[in-house]
Amino acid sequence: MGKVYAVTSGKGGVGKSTVSVGLAFAFTKLNKRTLLVDMDEGLRCLDLMLGVDKSAVFDLSDILMGKEMNDAVYEVEGTDGLYLIPAPSAVGQIDAFSFSLFAQLAANSFDAVIFDFPAGMDFSLYTSLPKDTLFLTVAVPDPVSVRDAAYVSKRLCEFSCSSRLIINNFKYSLVKRRIYRNIDDIIDSAGLQLLGVVPNSEELAFLSVNHKLKQKGKPMAAFLRIAKRLDGEHILLPNLKKI
């Protein structure tokens, strides 16, 4: 059975979907057959970010209504083992029971499954995921986002869900000038164990245009560190200047 991850955030606009895509790229670099599932009904974006929007005919709702999973799984061009299931184009198409069956099937079919959930406090489908699902809470280093991450952490504990923190859009120069908070303060305020830090990058901002990441760029290096930690490797956090 593959490992299952649920990417979440309290506040929108923190780059949650970008983190999901970057992490998926990193898993394929580790030779893991990886499935990305867009859970943002009505506001899906992963098909655009990965360049499969023109070929996508079926989506998650079709699978939940009985269509074979492979009919709605789209291989991402230029990758070795990365696949996407788009979110339904309309809201209200995902029911908890059918989704729980699908989630288990996906976990049995891939080495890594990443569910990219919409931002916000709707946790209604979280308990439909396999029990050993690890939640990845994404935040940026501003006080509002960190406070929201803390609230997500509290709610996940109430659901007995394990969670780790990913800090996105990190810019050392702003921390040095005390505009952003330092890493230790963010960890303490969020109440979550840090999994990794992703740098502020123009490359990530244009992911929906380029549909790929540079293999030796700083963003890919950051996502690879996260993926390797999730795979059980002991990877130290680099000097913050070099993230």
Side-chain angles (χ1 to χ4, degrees), residues 1-9 12 16-25 27-28 31-136 138 155-156 159-163 207-208 211 230:
M1 178 175 168
K3 294 183 178 179
V4 180
Y5 306 97
V7 182
T8 183
S9 69
K16 176 182 52 60
S17 294
T18 301
V19 168
S20 296
V21 171
L23 184 57
F25 282 143
F27 277 137
T28 62
N31 298 314
K32 294 186 181 296
R33 193 165 178 265
T34 303
L35 177 65
L36 258 175
V37 185
D38 194 337
M39 297 296 297
D40 202 350
E41 294 180 282
L43 294 173
R44 65 188 186 190
C45 66
L46 295 187
D47 56 328
L48 288 169
M49 294 177 75
L50 292 170
V52 302
D53 52 302
K54 291 184 173 67
S55 59
V57 177
F58 301 112
D59 57 44
L60 178 58
S61 65
D62 295 296
I63 298 174
L64 300 184
M65 289 189 291
K67 185 166 282 294
E68 292 292 327
M69 184 171 72
N70 287 340
D71 291 334
V73 172
Y74 300 92
E75 186 170 10
V76 178
E77 185 177 350
T79 67
D80 185 14
L82 176 55
Y83 302 85
L84 170 70
I85 296 178
S89 57
V91 177
Q93 303 298 305
I94 302 176
D95 73 273
F97 178 74
S98 298
F99 176 68
S100 66
L101 297 178
F102 158 74
Q104 191 62 55
L105 175 62
N108 291 334
S109 303
F110 292 86
D111 298 317
V113 183
I114 302 171
F115 290 94
D116 181 26
F117 279 91
M121 295 298 125
D122 182 1
F123 292 1
S124 58
L125 290 174
Y126 286 8
T127 55
S128 297
L129 293 168
K131 290 183 179 180
D132 57 352
T133 297
L134 180 62
F135 286 78
L136 309 177
V138 180
R155 289 294 308 278
L156 288 172
F159 283 89
S160 299
C161 297
S162 298
S163 183
L207 185 56
S208 59
H211 315 307
L230 290 171

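Positions are given from 1 along the sequence.
Annotation: cation-pi pair Lys67/Phe58 present, NZ/CZ under 6.0 Å from the ring centroid and within 45° of its normal.
Partners of Thr34 by side chain to side chain donor-acceptor pair (under 3.5 Å), not counting sequence neighbours: none found. Considering only residues two or more places apart in sequence or on other chains, Tyr5 meets the side chain to side chain donor-acceptor pair (under 3.5 Å) condition with none of them. Under the side chain to side chain donor-acceptor pair (under 3.5 Å) criterion, Thr18 pairs with no residue at all, not counting sequence neighbours.
A donor-acceptor pair is defined here as one N or O able to donate and one able to accept, closer than 3.5 Å; no such pair exists between the side chain of Asn108 and the backbone of Leu105. In this structure, Lys3 contributes its side chain and Leu230 its backbone to a donor-acceptor pair below 3.5 Å.
Atom CG of residue Leu156 and atom OG of residue Ser163 lie 5.0 Å apart, to the nearest 0.5 angstrom. Interatomic distance, Leu46 CG to Asp53 CG, rounded to the nearest 0.5 Å: 11.5 Å. Note that CZ of Arg44 and CE of Met49 are 14.5 Å apart. Values are rounded to the nearest 0.5 Å. Rounded to the nearest 0.5 Å, atoms CG (Leu60) and CE (Met69) are 11.0 Å apart.
In this structure, the side chains of Leu36 and Phe25 stay at 4.5 Å or more apart for every pair of heavy atoms. When side chains are defined from C-beta on, Met1 counts as touching Pro130, because their heavy atoms get closer than 4.5 Å. Within the 4.5 Å cutoff, the side chain of Ile85 has no heavy atoms near those of the Asp59 side chain. Contact check for Thr28 versus Arg33: no side-chain heavy atoms found under the 4.5 Å cut-off. Using a 4.5 Å cut-off on side-chain heavy atoms (C-beta onward), Phe99 and Gln104 make no contact. With contacts defined as side-chain heavy-atom distances shorter than 4.5 Å, the pair Tyr74/Asp47 does not qualify. Counting heavy atoms from C-beta on, the side chains of Thr127 and Leu129 never come closer than 4.5 Å.
Residues Asp38 and Cys45 approach most closely at OD2-N, 3.0 Å, considering heavy atoms. The shortest heavy-atom contact between His211 and Leu50 is ND1-C, 3.9 Å.
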Q | Residue pair Asp62, Asp71: steps toward the side-chain contact (heavy atoms from CB on, under 4.5 Å) verdict | A | CA-CA 9 Å; Asp62 295 296; Asp71 291 334; over 6 Å; no

Q: Any chance you could lay out the side-chain contact (heavy atoms from CB on, under 4.5 Å) test for Leu136 and Leu134, step after step, and finish with the verdict?
A: CA-CA 6 Å; Leu136 309 177; Leu134 180 62; 3.9 Å; yes

Q. Yes or no on side-chain hydrogen bond (donor to acceptor under 3.5 Å, both in side chains) for Thr8 and Tyr126, after CA distance, side-chain angles and deciding distance?
A. CA-CA 10 Å; Thr8 183; Tyr126 286 8; 2.8 Å; yes

In residues 76-84, what donor-acceptor pairs under 3.5 Å come from side-chain atoms, sequence neighbours left out?
| unit_1 | atom_1 | unit_2 | atom_2 | d |
| --- | --- | --- | --- | --- |
| Thr79 | OG1 | Val76 | O | 2.6 |

Show the atom names and distances, to 0.1 Å, of all donor-acceptor pairs under 3.5 Å that link a side chain in residues 113-125 to residues at least two apart or in another chain.
| unit_1 | atom_1 | unit_2 | atom_2 | d |
| --- | --- | --- | --- | --- |
| Asp116 | OD1 | Lys16 | NZ | 2.9 |
| Asp116 | OD1 | Ser20 | OG | 3.3 |
| Asp116 | OD2 | Ser17 | OG | 2.6 |
| Asp122 | OD1 | Ser124 | N | 3.1 |
| Asp122 | OD1 | Ser124 | OG | 2.8 |

Could you list the donor-acceptor pairs under 3.5 angstrom formed by side chains in residues 86-97, with sequence neighbours left out?
| unit_1 | atom_1 | unit_2 | atom_2 | d |
| --- | --- | --- | --- | --- |
| Asp95 | OD1 | Ser98 | OG | 3.0 |
| Asp95 | OD2 | Phe97 | N | 3.4 |
| Asp95 | OD2 | Ser98 | N | 2.9 |
| Asp95 | OD2 | Ser98 | OG | 3.2 |

